[in-house]
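I have placed the structure first, in the form of structure tokens, so that the comments after it can refer back to it.
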Amino acid sequence: MSKMSHSHRDELYVGPYRLEKTLGKGQTGLVKLGVHCVTGRRVAIKIVNREKLSESVLMKVEREIAIMKLIEHPHVLGLYDVYENKKYLYLVLEHVSGGELFDYLVKKGRLTPKEARRFFRQIISALDFCHSHNICHRDLKPENLLLDEKNNIRVADFGMASLQVEGSMLETSCGSPHYACPEVIRGEKYDGRKADVWSCGVILYALLVGALPFDDDNLRQLLEKVKKGVFHIPHFVPPDCQNLLRGMVEVDPDKRLTLEEVMKHAWVVAESQGHIELELPIGQIVQTSIVPTVEDLDADVLSTMNSLQCFKDKDKLVAELLGRNRSTKKKN
Ligand code: AMP
């Protein structure tokens with residue numbers, strides 16, 4: 001992380017970016033417009049007051065930074081840089097001007113199936129990319145989906161996201177109750193990928209119907225409704241899309257559609273030559289070398305791995321990185 005350069009005259013700068021108007025306010029603090037003093041590039045700067053936030057929220061921010069640094073995808077909000085001083089963290093984010101999908105939906109009431117499908121494809125393409133990097137979002141909802149000037153989706157707010165290695169299960173209960181799946185609400189161990197599929201199904205329902213499949217003013221009643229998983233789909237939703245919704249918003253995680261199945265579903269691929277456009281293929285990154293000495297270990301990398309909860313026992317990890325605990329087969 002770079003240090004923050006301070007104000008000259010009355011203007012406040014974060015690195016080369018001049019701080020301008022406030023764009024919004026989130027759980028972790030203000031988001032301001034930043035303008036690059038040489039290129040004029042506009043960015044959004046999330047200002048996090050370290051002193052005012054609890055340890056757990058700060059950990060959330062650290063995790064958000066670590067995860068966003070890992071992901072680069074056209075439909076995931078980009079994190080360009082992070083500046084810090086003693087009091088604040090400044091996240092320099094890609095600036096998007098279209099606001100939240102939530103507000104867009106409220107303004108329109110509900111979307112046509114065609115428009116809903118366009119948004120939905122962009123969301124699942126971003127999600128597929130995250131999942132292929134073992135990252136689950138865990139807080140997908142229209143408030144966390146931002147729009148650019150061309151009405152393209154940017155998935156934002158990875159504060160709840162988690163690294164989930166294939167075959168393992170997650171435990172922490174997260175997400176808004178309207179979008180959270182029954183196994184998360186019941187506090188059981190769950191597969192974050194399946195939890196994301198449920199949330200995406202609820203989002204698709206909201207886009208098409210302009211209402212939520214499960215809703216109640218009373219939180220307990222709402223949780224009961226989600227656990228039962230009984231919901232009504234209005235007649236104006238096309239039949240093949242109803243079938244997709246039922247497959248995604250399915251109480252039994254074993255019966256729920258996988259993201260792979262969602263991406264091949266007839267309603268999703270309609271009018272797209274049989275498959276939805278996928279982003280660049282993801283290369284496999286394989287570490288082949290062993291770190292020679294403790295001094296060669298990068299403290300920043302270890303700290304990021306800690307934020308991502310990649311390991312439980314630091315000493316064991318260090319021993320493995322130094323090659324002491326592994327039976328490595330040397331390649332010639
Ligand atoms: P957050 O703290 O991420 O929930 O952001 C709070 C609000 O700031 C959002 O609801 C948006 O209105 C605004 N905002 C956040 N990030 C951006 C961005 N990258 N570009 C434009 N506005 C943003």
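Every heavy atom of this structure was used, including side-chain atoms; hydrogens, water molecules and symmetry mates were not. Whatever order the structure lists ligands and atoms in, that order sets their numbers, starting from 1.
Surrounding CZ of Phe102 are at most 12 heavy atoms belonging to other residues, nucleotides or ligands under 6.0 Å away. Sparse packing is recorded around CD of Glu72, with 12 or fewer heavy atoms of other residues, nucleotides or ligands lying under 6.0 Å away. More than 12 non-hydrogen atoms from other residues, nucleotides or ligands lie less than 6.0 angstrom from CZ of Arg18.
Between Trp267 and Phe120, the angle of the ring planes lies from 30° to 60°, which puts this pair in the tilted group. Tyr205 and Phe231 have perpendicular rings, their planes meeting at more than 60° on a 0 to 90° scale where under 30° would count as parallel.
Every protein residue with a heavy atom nearer than 4.0 Å to ligand 1 is included here: Leu23, Gly24, Lys25, Gly26, Val31, Ala44, Lys46, Leu77, Glu94, His95, Val96, Glu100, Leu146.
Annotation: salt bridge (charged side-chain N to carboxylate O under 4.0 Å, His left out) contacts of Lys32 (sequence neighbours excluded): none.
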